[in-house]
Enquirer: 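After the structure tokens below, expect a handful of questions from me.
Throughout, residue positions are numbered sequentially from 1 according to the sequence presented.
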Amino acid sequence: MAVSESVHGMWSSRLMFILAAAGSAVGLGNIWRFPYLAGENGGGIFVLVYLGCIFVIGIPIMSAEILLGRSGRQSPINTMRELTAMSGANPFWQIVGWMGAIAGFMILSFYAVIAGWAISYIFQMGSGAFTGADAEFANSAFTSFTGNVWSVVGWHGLFMVMTIVIAARGVGKGLEIAVKYLMPALFVLLVVLVIYAAATTGHFMEGVSFLFSLNTEKFSWGAVLTAMGQAFFTLSLGMGAIMAYGAYMPKDASILGTATTIALLDTGVALMSGLVIFPLVFANGLESSAGPGLMFITLPIAFGQMEGGEIFGVIFFLLVTFAAITSSISLVEPAVAWIVEKAKISRAMGAVTVGGFAWLVGLGSAFSTNIWADVTIVGGMTFFYTMDYVSNNIMLPVGGVLIALFAGWILDKKIIEDQMPGRTTMFSLWRFLIRFVAPAAVSLVFVMTFI
Ligand code: PFF
């Protein structure tokens, strides 16, 4: 049966696995994407659908990915190849590994561009440029920064180099050390910011009610698809990142309990980010539905108006950068592990190859706010939006359903028994959700959105 250790290394404890997987999950998706999507889609109802997706679809699929990863103990591509063979299944199922690696590439390519913007904003906030700034100033600062191809590509490159360096150092000396320091730092910074928002804005409860009161007029199947895509994106599901991390997880840790802990941490961070951002937005009479610019235009105006805004603005963008790094290292891991297995090259070479290629593809997104701003790919979307839409709203959910179907119906029962011993109520619930509910729910949302 399955090997007990991965050739790539192992997390030193269950806690380290939780920090690494939570590090993957908590990222731009929580701090940048969740608040602006909630803002655009009217708050409460979107948040409710999102939470429903996390519990009914997200946690079961995350458990399935960990289960598959820990059974195969290799890169997702080779894990899926081996498990398909061991279960006597049709080779079609290997597609899960391949699609995941491609989706990971696509996500990393635009993810690094946004993360680069965030790094630059640490310095822009710190320079005091936004102190007392009005909307016009913040808008033009953002437009001129993202309009400058050299600065965008430079920051994007810097972020990719940081990702490559950590990935190159391997599981124990790179990934584990990064998450061990960055994750606790991230939680502390976030708590500081929530206290700041609660203590100084005077609009904290307005933020709470925006996030939690139901505004049914805003309901649409498109918004449901967005909420579901966001649930996949925020939990890093459907592309093998968690499968890759699961391959390094100690055998004695419980899969269902661990997946639930990670999902709760991730959801907590998303909601807390909303509770930092919306009170600031409302306190300064700004628009909650600003779209992707919410974090880069609206928030700097808010910080610029606030007492101590300069320093808290720096803290905020530092938080975003930490969160992005602990996610990007999980985006490269499936492909790096695969290259190392396949080509028998060093991790350093693997990390440079994967990161370098993702950086090249990312240039398309970096150019989308300047020299390619008028170039549209599908449906009037720029290269950047096309990458975001196709990977999050289509590839991750499709990958997720395939993972659910494989774990629920195809995978050899003996492997499941070995990985999830004991027939608890929690196990029965998982089995029901993974076999029936998750595939049906995702399919329903697709059908309702696209008919
Ligand atoms: N979960 C990350 C976030 O919320 O920012 C993004 C992400 C990381 C998506 C890794 C997918 C992935 F495999």
Enquirer: For T234 and D266, run side-chain hydrogen bond (donor to acceptor under 3.5 Å, both in side chains): C-alpha distance rounded to whole Å, both residues' side-chain angles, the deciding distance at 0.1 Å, then the answer.
Expert: CA-CA 7 Å; T234 194; D266 183 76; 2.8 Å; yes
Enquirer: Looking only at atom types and distance, does a side-chain atom of W155 sit under 3.5 Å from a main-chain N or O of I114, one as donor and one as acceptor?
Expert: no
Enquirer: Is a donor from one side chain sitting under 3.5 angstrom from an acceptor on the other, for S120 and Q124?
Expert: yes
Enquirer: Could you tell me if E176 and S12 have a donor-acceptor pair between their side chains, going purely by distance under 3.5 Å?
Expert: yes
Enquirer: Quick check: does any side chain N or O of S151 sit under 3.5 Å from a backbone N or O of N148, one acting as donor and the other as acceptor?
Expert: yes
Enquirer: Quick one: CD1 on I297 to CG on L286, what's the gap to the nearest 0.5 Å?
Expert: 11.0 Å
Enquirer: Given 3.5 Å as the limit, does a donor-acceptor pair link the side chain of Q230 with the main chain of G29, or not?
Expert: yes
Enquirer: Does any part of the side chain of V378, heavy atoms only, come nearer than 4.5 Å to the side chain of M381, both counted from C-beta?
Expert: yes
Enquirer: Roughly how far, to the nearest 0.5 Å, is the CE atom of M160 from the OH atom of Y111?
Expert: 12.0 Å
Enquirer: Strictly distance-based, threshold 3.5 Å: is any side-chain N or O of Y121 a donor or acceptor partner for the main-chain N or O of F296?
Expert: yes
Enquirer: Check for a donor-acceptor pair, side chain of T201 on one end and backbone N or O of A198 on the other, with a separation under 3.5 Å.
Expert: no
Enquirer: With sequence neighbours excluded, give me every salt bridge (charged side-chain N to carboxylate O under 4.0 Å, His left out) pair touching residues 382-399.
Expert: R33-D388
Enquirer: Any sub-3.5 Å donor-acceptor pair from E65's side-chain atoms to G238's backbone N or O?
Expert: yes
Enquirer: Do M272 and V191 come close enough that some side-chain heavy atom pair is under 4.5 Å?
Expert: yes
Enquirer: Does a side-chain heavy-atom distance below 4.5 Å link F406 with L402?
Expert: no
Enquirer: About how many Å separate NE2 of H203 and OG of S209, when rounded to the nearest 0.5 Å?
Expert: 11.0 Å
Enquirer: Between D252 and R70, which heavy-atom pair has the shortest distance, and what is it?
Expert: N-NH1, 4.4 Å
Enquirer: Taking the side chain as every heavy atom from C-beta outward, state whether L37 and E40 have any pair of such atoms under 4.5 Å apart.
Expert: yes
Enquirer: When rounded to the nearest 0.5 angstrom, what is the spacing between OG in S24 and CG in L19?
Expert: 12.5 Å
Enquirer: For the backbone of T146 and the side chain of N370, can you confirm whether one donor and one acceptor N or O come within less than 3.5 Å of each other?
Expert: yes
Enquirer: Using a 4.5 Å cut-off on heavy atoms from C-beta on, say whether the side chain of T382 contacts that of W372.
Expert: no
Enquirer: Which heavy-atom pair separates E287 from L294 by the least distance, and what is that distance?
Expert: O-CD1, 3.9 Å
Enquirer: Could you tell me which non-hydrogen atom of L108 sits nearest to which non-hydrogen atom of A358, and how far apart they are?
Expert: CD2-CB, 3.5 Å
Enquirer: Using a 3.5 Å cut-off and no angle test, enumerate the donor-acceptor pairs between side-chain atoms of residues 299-326 and protein atoms at least two apart in sequence or in another chain.
Expert:
{"from": "Q305", "atom 1": "NE2", "to": "A133", "atom 2": "O", "distance (Å)": "2.7"}
{"from": "E310", "atom 1": "OE1", "to": "T131", "atom 2": "OG1", "distance (Å)": "3.1"}
{"from": "T321", "atom 1": "OG1", "to": "F317", "atom 2": "O", "distance (Å)": "2.8"}
{"from": "T326", "atom 1": "OG1", "to": "G23", "atom 2": "O", "distance (Å)": "3.0"}
{"from": "T326", "atom 1": "OG1", "to": "F322", "atom 2": "O", "distance (Å)": "3.4"}
{"from": "T326", "atom 1": "OG1", "to": "A323", "atom 2": "O", "distance (Å)": "3.1"}

Enquirer: Less than 3.5 Å apart, which donor and acceptor atoms pair up between the side chains of residues 427-444 and the rest of the protein, not counting sequence neighbours?
Expert:
{"from": "S428", "atom 1": "OG", "to": "T424", "atom 2": "O", "distance (Å)": "3.2"}
{"from": "W430", "atom 1": "NE1", "to": "P60", "atom 2": "O", "distance (Å)": "3.1"}
{"from": "R435", "atom 1": "NE", "to": "G408", "atom 2": "O", "distance (Å)": "2.9"}
{"from": "S443", "atom 1": "OG", "to": "P439", "atom 2": "O", "distance (Å)": "2.6"}

Enquirer: Within a strict 4.5 Å, meaning less than it, do heavy atoms of the W117 and T369 side chains meet?
Expert: yes
Enquirer: Can you measure from OG (S273) to CD1 (I31) and round to the nearest 0.5 angstrom?
Expert: 4.5 Å
Enquirer: Whether the side chain of S63 engages the backbone of A259 through a donor-acceptor N/O pair (distance < 3.5 Å, no angle test) should be reported.
Expert: no
Enquirer: Please confirm whether F130 and F137 have ring centers closer than 6.0 angstrom.
Expert: yes
Enquirer: Between F282 and F210, does the ring centroid distance fall short of 6.0 Å?
Expert: yes
Enquirer: Let me confirm one number: the CG-CG distance from L411 to L67, rounded to the nearest 0.5 Å.
Expert: 6.0 Å
Enquirer: Checking M426 against T260 for the side chain to side chain contact (heavy atoms under 4.5 Å, CB included) test, could you report, in this order, the C-alpha distance in whole Å, the side-chain angles of both residues, the deciding distance, and whether it holds?
Expert: CA-CA 11 Å; M426 183 105 159; T260 309; 3.7 Å; yes
Enquirer: Step by step, work out the side chain to side chain contact (heavy atoms under 4.5 Å, CB included) result for W93 and L405.
Expert: CA-CA 10 Å; W93 292 100; L405 293 174; 3.8 Å; yes
Enquirer: When you measure from the side chain of S368 to the backbone N and O of F384, does any donor-acceptor pair fall under 3.5 Å?
Expert: yes
Enquirer: I need the minimum non-hydrogen distance between P292 and W32, along with the two atoms involved.
Expert: O-NE1, 3.1 Å
Enquirer: Tell me, do I45 and Y50 make a side-chain contact under 4.5 Å, heavy atoms counted?
Expert: no
Enquirer: Looking at G27 and S327, what are the two nearest heavy atoms and their distance?
Expert: CA-OG, 3.5 Å
Enquirer: Using side chain to side chain contact (heavy atoms under 4.5 Å, CB included), reason through L51 and T267 one step at a time and then give a plain yes or no.
Expert: CA-CA 8 Å; L51 291 176; T267 307; 3.4 Å; yes
Enquirer: Does the side chain to side chain contact (heavy atoms under 4.5 Å, CB included) test come out yes or no for F46 and T226, once each step is laid out?
Expert: CA-CA 9 Å; F46 175 87; T226 306; 4.2 Å; yes
Enquirer: Under 3.5 Å, is there a donor-acceptor pair linking the side chains of E333 and Y248?
Expert: yes
Enquirer: How close do L396 and L237 get, counting heavy atoms only, and between which atoms?
Expert: CD2-O, 3.4 Å
Enquirer: With a 4.5 Å limit on heavy-atom distance, are the side chains of I107 and N392 in contact?
Expert: yes
